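Bear in mind the structure is a predicted one, so any value in this text is a computation, not a measurement. Numbers restart at 1 for each chain; the letters A, B, ... are given by sequence-line order, proteins then strands.
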There are 2 protein chains.
Amino acid sequence: MAQETRKQEIIRVAAELFKNKGYSAVTMRDLASAIDIKAASLYNHINSKQDILKVIIISIAEDFTSGMQSIIDSKKSSISKLRDVIALHVRLASNNINGMAALNNDWMHLEDQLDFYLKLRSDYENNFMEIIKSGIETKEIKNCNPEVIMFSILTTLRSLYLWIPKKEALNANELSQNLNQVLIDGITNK
Amino acid sequence: MAQETRKQEIIRVAAELFKNKGYSAVTMRDLASAIDIKAASLYNHINSKQDILKVIIISIAEDFTSGMQSIIDSKKSSISKLRDVIALHVRLASNNINGMAALNNDWMHLEDQLDFYLKLRSDYENNFMEIIKSGIETKEIKNCNPEVIMFSILTTLRSLYLWIPKKEALNANELSQNLNQVLIDGITNK
DNA sequence: GTCTATATTTTGATAGAC
DNA sequence: GTCTATCAAAATATAGAC
């Protein structure tokens, strides 16, 4: 891994501050201070505060999109696909805890890219729902309200960023297994 | 129900704006404009922006505290207590969707009341965890990692405010039942 | 690439007329 | 109880020296 550039450092530290206080409450002076430079110097590396948010959120959203596409394209059972979705969330959340917080909490502060983000999120949820409905049709999944099932699983997965840092004891595999047991095995016919 | 006072209106509309953009991104001018008065007029009814946030969050946090206390004091089984916790979240979220959003997303912007809020939240989670651990001891609940169980259930319940508005078709009882099925029956021994 | 200095806007909040 | 006028501080961002 190459040496971190100043721009990468700015984005990394910004994501950390955004996680703690939210995009709107973090000032460019806060960010500069955390890096130990002056606020004006930030603008030699980034165009605007908004650009920082855009880079953080859109890159993760596209990771989710491509990850979901791979799962959809696979010819696995619905339950296997759901397990892969869980693993995808665990992996992406583990890779970028702070960015995930911004994705979850600050997407509404996107300006030019807001519609693009909303489209990606909507597509993702539609794919998720199709997996659940297919699983219900093939009787892999209990015939519960599919929206309640998706809501329950997806909100849990979207909150992983809050929880992973506290559970260093659990590695990603263990966490995926535990979530599988609670989220999936609970809803499958036995 | 008595006529809404101007102060109550300010708090109600503020919660709605906070839900959409977050506390920090909502200005007193935004709030005044939504009520169709001037920003300076707000201060005839409230002391500060911070006071509005405090009223919104602390009142709900205390509702959760007293609701949990009633559940703990009851001599029901662990599973029955968990079902009551779900009903508590559904009820409080339904009663105050926008306030619940502020509780979830803007608690870190509390100033004087931050420590008090954190204490209430910590106590709540400890009580929740005790219910789960008791249920595992009595074998009502599967012997999964209790923290994963609590995390999964609690994050789902805490996100209800996002979801209830979209599901007007489901009333509170139906929603509780569906959540019970997905969250509880999935983790019980059969 | 970082700095000082500064422009411009916006912010929470107050004073005082009505 | 609401308004206009205003303050003081803080915000994002730019210009230009080094």
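- B:Asp30 has its CG atom 12 Å from the C1' atom of C:dG12, to the nearest Å.
- Here the P atom of nucleotide C:dC18 and the CG atom of B:Asn44 are 18 Å apart, to the nearest Å.
- As a whole-Å value, the separation of A:Leu31 CG from C:dT2 C1' is 15 Å.
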Just the table, please: protein N/O against nucleotides 13-16 of chain D N/O, every pair under 3.5 Å.
from: D:dA13; atom 1: OP2; to: A:Tyr43; atom 2: OH; distance (Å): 2.9
from: D:dA13; atom 1: OP2; to: A:Lys49; atom 2: N; distance (Å): 2.9

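- Between the P atom of D:dT12 and the CD1 atom of A:Ile10 lies a distance of 14 Å, rounded to the nearest Å.
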Verify salt bridge (charged side-chain N to carboxylate O under 4.0 Å, His left out) between B:Arg6 and B:Glu9, making sure each step is shown before the conclusion. CA-CA 5 Å; B:Arg6 192 60 124 176; B:Glu9 181 185 14; 2.8 Å; yes
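- Put simply, NZ on A:Lys38 is 17 Å from C1' on D:dT12, counting in whole angstrom units.
- For the OP1/OP2 pair of C:dC3 and a distance below 4.0 Å, the side-chain nitrogens and oxygens of A:Ser41 include at least one atom meeting the criterion.
- Residues A:Arg83 and A:Glu140 are not paired through a salt bridge, judged by the lack of any N-O separation under 4.0 Å between the basic side chain and the carboxylate.
- Remark: C1' of D:dT2 and CD of B:Glu9 are 14 Å apart, rounded to the nearest angstrom.
- A salt bridge does not link A:Asp115 to A:Lys119: none of the charged nitrogens lies less than 4.0 Å from a carboxylate oxygen.
- A:Gln69 is linked by a side-chain hydrogen bond (donor to acceptor under 3.5 Å, both in side chains) to A:Asp73, counting only residues two or more places apart in sequence or in another chain.
- Between A:Leu42 atom CG and C:dT2 atom P there is a gap of 9 Å when expressed in whole angstrom units.
- Judged purely by atom type and a 3.5 angstrom limit, B:Thr156 uses its side chain to pair as donor or acceptor with the backbone of B:Ser152.
- Remark: B:Lys49 qualifies as a cation-pi partner of B:Tyr23 under the 6.0 Å distance and 45° angle criteria applied to the six-membered ring.
- What separates NE2 of B:His109 from P of C:dT11 is a distance of 15 Å, to the nearest Å.
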